[in-house]
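So that the names make sense, note that chain A is the first sequence line, chain B the second, and so on, each numbered from 1. Predicted, not measured: the structure shown is a model, and the values here were computed from it.
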Amino acid sequence: MPVSRPESSDSRIIAHVDMDCFYVQVEQRKNPDLRGKPTAVVQYNSWKGGGLIAVGYEARKDGVKRSMRGDEAKEVCPEIHLVQVPVARGKADLTIYRDAGSEVVSILARKGRCERASIDEVYLDLTDAAETMLKETPLESLESIDDEVLKSHILGLSSDGKDDRESVREWLQRKDADHRDKLLACGAIIVAELRLQVLRETEFTCSAGVAHNKMLAKLASGMNKPAQQTIVTSASVKELLETLPVKKMKQLGGKLGSSLQTDLGVNTVGDLLQFSEEKLQDFYGVNTGTWLWNTARGINGDEVQGRLLPKSHGSGKTFPGVRALKTVVAVEKWLKELCEELNERLQSDLVKNKRIAHTLTLYVNAYKSTDTESHKKFPSKSCPLRYGAGKIMEDAVNLFQAALREYLGPYIGNQCGGWGVTNLSVSASKIVAIPSGTSSITKYFHSRDQLNDSSEPLGEKFVLEDDHVSPSRTESHPASHQIECGEEEIPITHDISSSDQCETACKDEASGDIAEEAFKLSSGTESCSTLKQKEQQSRLHGKETKMMHPNDGIRSYNQKRKATKEKGTSSILRFLHSNSTSSPKQDNPTPLQETKSLSLGTQEPLNIESQSSSQNVQTTNAWSYKVDEIDQSVIEELPLEIQQEFRNWLRPQKRPNIVKRGSSIAHYFSPTKN
DNA sequence: ACGGATGTGACA
DNA sequence: TTGTCACAT
């Protein structure tokens, strides 16, 4: 459900940039012969010509539509060129489009905060850039304005349609213009420039919307395509929304939009104006009600998230109809393909962006033929993610088997009751950047555990080499984990420091030792998954029963504990170490956005992120201690091997973690002992 | 049981 | 928090 966020009082300049029929453009760049010809991109050519997932504008003129079949498209437009999505491992592989999207993002991120909204869409917060421009170069004094700017569509400008370059110029340079309009004008100039850069550097065209918030910018970017831009002035909003069908509004394209029509007889966004906020809240809940009320007025406080990289990676495939997978063996075969693709993408993310994913999730759609009634859904399952195709595969298979048992009910394996899997997908989430800076190591041994079976302490060299790197612009992220060991489990909240994505994203350079090492380690497919390994990762991530590996359920709780203890010292030390955070100031540098919102002088309370972030600072501090404050004698009581490892870690770190009570070491350092 | 593959965000 | 659902391209 949509949620309403408070809108900052100051006016922002937000742009939404949308690539025109992106996949088609990617294919046309690859094969220029296709340029200017009716073209569509299709996947799985075998059945009815495959399904269209992108249609070029020449083909659209002939009535070709997305989600037509290739055959239908041919009927409507016999000359159409159908290009197939690349296939790898028996499934569609969108890599080339993702990479092309990254090219675009790296250009668009040059001005202002940038949010990758999808593979081919981006939001930009150009407020600062626009304000700066307005200060430095008064619009009236502008000698020449790029044609791309003059081609803008300005909502509300009367003569939008005819020889309007002059009127656009006039609007842009209007001396008596509203300050907000002037900022919009600057935004339009900036966006036009960015779009031209995109075109020069990638050969891709895109369209854009410029407005005072995300919702309106998004709406505008789609109004004049392809290769054009649209500006939403405040004055135009009312009229714009008045007649806009609710379904056109983002978030209202589904059930909520339908029920608006059905329940309230609301057909256009303007129709919503009649309803009080309370009334809308009564119908749809507080959050959605408020959101609807605001939306009707063109109010939307959603901020542009500074995020250039995806938050998850997934690989999936459908098996419709008779192609449904009916045996575990068939499922395993496909899981292997999916996991290999996922692993490749994780690898690439690690090398390019120095990020590590921490959770593996399996999603399945299935049917039960012997299922007269209960349309039970196949449950999705997660577990800690270990790097390496073999390990991911193994874990995914285990997740599948666990979920299958649940799905089929307690009467498990009796007679292969007809089930069929119609969709399989694996996905990796909880991706965090490996901190660049002193604290790399903390993050790092997380990866070490997942990448590597040996207990060779790889961390050391990173400490040494990273130490002189300034930990600039780090941001604190809260996280909490639990681990079992000893009699009970104690959840600990702690900080993860990670490098700012805005800095590292899209840099293809120097992978660095961490990434290289990781690559070596995970390229191997050795997947001797011993009990101990499972325990180890269970502990690392570990959420008792929920986050453990499916297999673990078979063993008793005591057995698990035992395995955990035996596994070893180095892991325990890691946890210990990880709890040794350095000073709060260093660990929790003020997030950039917080700084910004404060400097804007907002009278409103700190935004939610800021609040929770400062809360986490407190929580973290309560549970943290400094390594160098630990009594030396305490360390000396530890086994020699542990002492050594411990001393290796003697540097201020912060990292995600778990503390175990009952473990001898945890006893020593348990902050408050509860 | 063909709108496929993928991704984000909210809610319980 | 995990798992589910909705929504989007």
Protein proximity profile, nucleotides 6-12 of chain B - base contact B, sugar-phosphate-only contact S, no contact -, cut-off 4.0 Å on heavy atoms: SSSSSS-
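- By the side chain to side chain donor-acceptor pair (under 3.5 Å) test, A/Thr95 pairs with A/Asp93, sequence neighbours left out.
- Judged as a ring-ring contact (aromatic ring centres under 6.0 Å, His included), and not counting sequence neighbours, the contacts of A/Tyr97 are A/Tyr23.
- In terms of the ring-ring contact (aromatic ring centres under 6.0 Å, His included) criterion, A/Tyr363 has no residue partners (sequence neighbours excluded).
- Atom NZ of A/Lys248 and atom P of C/dT9 are 11 Å apart (whole Å).
- Nucleic acid contact class of A/Lys218 (heavy atoms, under 4.0 Å, all strands): sugar-phosphate only.
- The side chain of A/Tyr363 lies closest to C/dT4, out of B/dC2, C/dT4, B/dA5.
- Paired with A/Leu82 under the rule side chain to side chain contact (heavy atoms under 4.5 Å, CB included), one option of A/Val42, A/Val64, A/Val41, A/Thr39 passes, and it is A/Val42.
- Nucleic acid contact for A/Phe22: none, since no nucleic acid atom lies under 4.0 Å from a heavy atom of the residue.
- Under the rule for a side chain to side chain donor-acceptor pair (under 3.5 Å), the partners of A/Ser4 that lie at least two apart in sequence or sit in another chain are A/Asn294.
- Rounded to an integer number of Å, the gap from A/Asp302 CG to C/dA8 P is 14 Å.
- At a threshold of 4.0 angstrom between heavy atoms, the contacts of A/Ser118 with the nucleic acid are absent.
- The ring-ring contact (aromatic ring centres under 6.0 Å, His included) test applied to A/Tyr123 returns A/His16, not counting sequence neighbours.
- The CG atom of A/Leu219 sits 11 Å away from the P atom of C/dT9 (whole-angstrom rounding).
- By the side chain to side chain donor-acceptor pair (under 3.5 Å) test, A/Ser258 pairs with A/Lys247, sequence neighbours left out.
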Distance-only criterion, 3.5 Å: show the donor-acceptor pairs between side-chain atoms of residues 285-292 of chain A and protein atoms not counting sequence neighbours.
| residue | atom | partner | partner atom | Å |
| --- | --- | --- | --- | --- |
| A/Thr290 | OG1 | A/Glu277 | OE2 | 3.1 |
| A/Thr290 | OG1 | A/Gln281 | NE2 | 2.7 |
| A/Thr290 | OG1 | A/Val286 | O | 2.9 |

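- Comparing B/dA5, C/dC5, C/dG3 against the side chain of A/Lys377 picks out C/dC5 as the nearest.
- Residues from residues 68-76 of chain A that place a heavy atom under 4.0 Å from any atom of DNA chain B, listed by number: A/Arg69.
- The stretch residues 251-260 of chain A touches DNA chain C through A/Gln251, A/Leu252, A/Gly253, A/Gly254, A/Lys255, A/Leu256, each having a heavy atom under 4.0 angstrom from the strand.
- Rounded to a whole Å, the NZ atom of A/Lys214 is 18 Å from the P atom of C/dC7.
- Here A/Lys250 lies in heavy-atom contact (under 4.0 Å) with sugar-phosphate atoms only.
- Evaluation of the side chain to side chain donor-acceptor pair (under 3.5 Å) rule for A/Asn423 yields no partner, not counting sequence neighbours.
- Under the ring-ring contact (aromatic ring centres under 6.0 Å, His included) criterion, A/Trp334 pairs with A/Phe319, sequence neighbours left out.
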